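Okay, structure first, notes after.
If you're wondering where the values come from, they're calculated on a predicted model, not measured in any experiment.
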Amino acid sequence: MMKYLLLIGIVMLVLWLARSARPTVPRQDGKSRRAGDAPVPMVSCAHCGLHLPENEALPGRGGHYCCEEHRREAKG
């Protein structure tokens with residue numbers, strides 16, 4: 001019985017150490033998140049309305065597009 005309690009204690013200690021070792025960044029709403037989780041602005045495709053991260057969107061004359069085909073159709 002004692003060996004099971006010791007094993008549970010060691011597992012809990014390892015989990016606690018792993019969780020506390022992650023760097024966190026305070027958010028405006030008081031919660032915290034990991035440092036690499038910076039929010040990315042979302043945009044919608046001017047052709048079909050699909051929402052996607054701005055860094056994955058293709059810029060065009062009429063706005064942002066989700067693929068080259070939609071950007072090409074907007075030009076023509």
Side-chain angles (χ1 to χ4, degrees):
M1 180 69 174
M2 190 65 161
K3 64 181 176 182
Y4 295 117
L5 290 175
L6 182 60
L7 181 62
I8 291 171
I10 291 172
V11 169
M12 290 180 67
L13 178 65
V14 168
L15 291 174
W16 179 75
L17 288 172
R19 184 176 174 99
S20 64
R22 290 186 297 181
T24 58
V25 177
R27 293 182 358 183
Q28 290 177 351
D29 59 4
K31 297 179 183 176
S32 62
R33 63 169 178 246
R34 285 184 272 151
D37 295 344
V40 177
M42 300 292 283
V43 295
S44 60
C45 176
H47 182 76
C48 67
L50 175 76
H51 287 83
L52 66 158
E54 187 176 30
N55 59 354
E56 294 179 19
L58 301 172
R61 188 177 292 177
H64 294 89
Y65 298 93
C66 63
C67 63
E68 185 61 40
E69 180 181 346
H70 286 177
R71 182 165 63 174
R72 206 174 29 251
E73 288 178 15
K75 286 182 183 177

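By the salt bridge (Lys or Arg N to Asp or Glu O under 4.0 Å) test, Glu69 is found to be paired with no residue, residues two or more places apart in sequence or in another chain being considered.
Smallest separation of non-hydrogen atoms from Pro59 and Ala57: CD-O, 3.6 Å. Taking each heavy atom of Cys45 and Leu52 in turn, the nearest pair found is N-CD2, 4.3 Å. The minimum heavy-atom distance linking Gly62 with Ala46 is given by the pair O-CB, 3.7 Å.
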Do any side-chain atoms of residues 2-21 form donor-acceptor pairs under 3.5 angstrom with protein atoms, and if so which ones, sequence neighbours left out?
| from | atom 1 | to | atom 2 | distance (Å) |
| --- | --- | --- | --- | --- |
| Ser20 | OG | Trp16 | O | 3.1 |
| Ser20 | OG | Leu17 | O | 3.2 |

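Every pair passing salt bridge (charged side-chain N to carboxylate O under 4.0 Å, His left out) that includes a residue from residues 55-68 is listed here, sequence neighbours excluded: Glu68-Arg71. Sorted by first and then second residue, the ring pair (Phe, Tyr, Trp, His ring centres under 6.0 Å) pairs with a member in residues 50-71 read His47-His70; sequence neighbours excluded.
Residues near Leu50 contribute nothing to a hydrophobic cluster around it, because no ILVMFWY side-chain heavy atom sits closer than 4.5 Å to its side chain. With a 4.5 Å cut-off between side-chain heavy atoms of Ile, Leu, Val, Met, Phe, Trp and Tyr, the cluster of Met1 takes in none.
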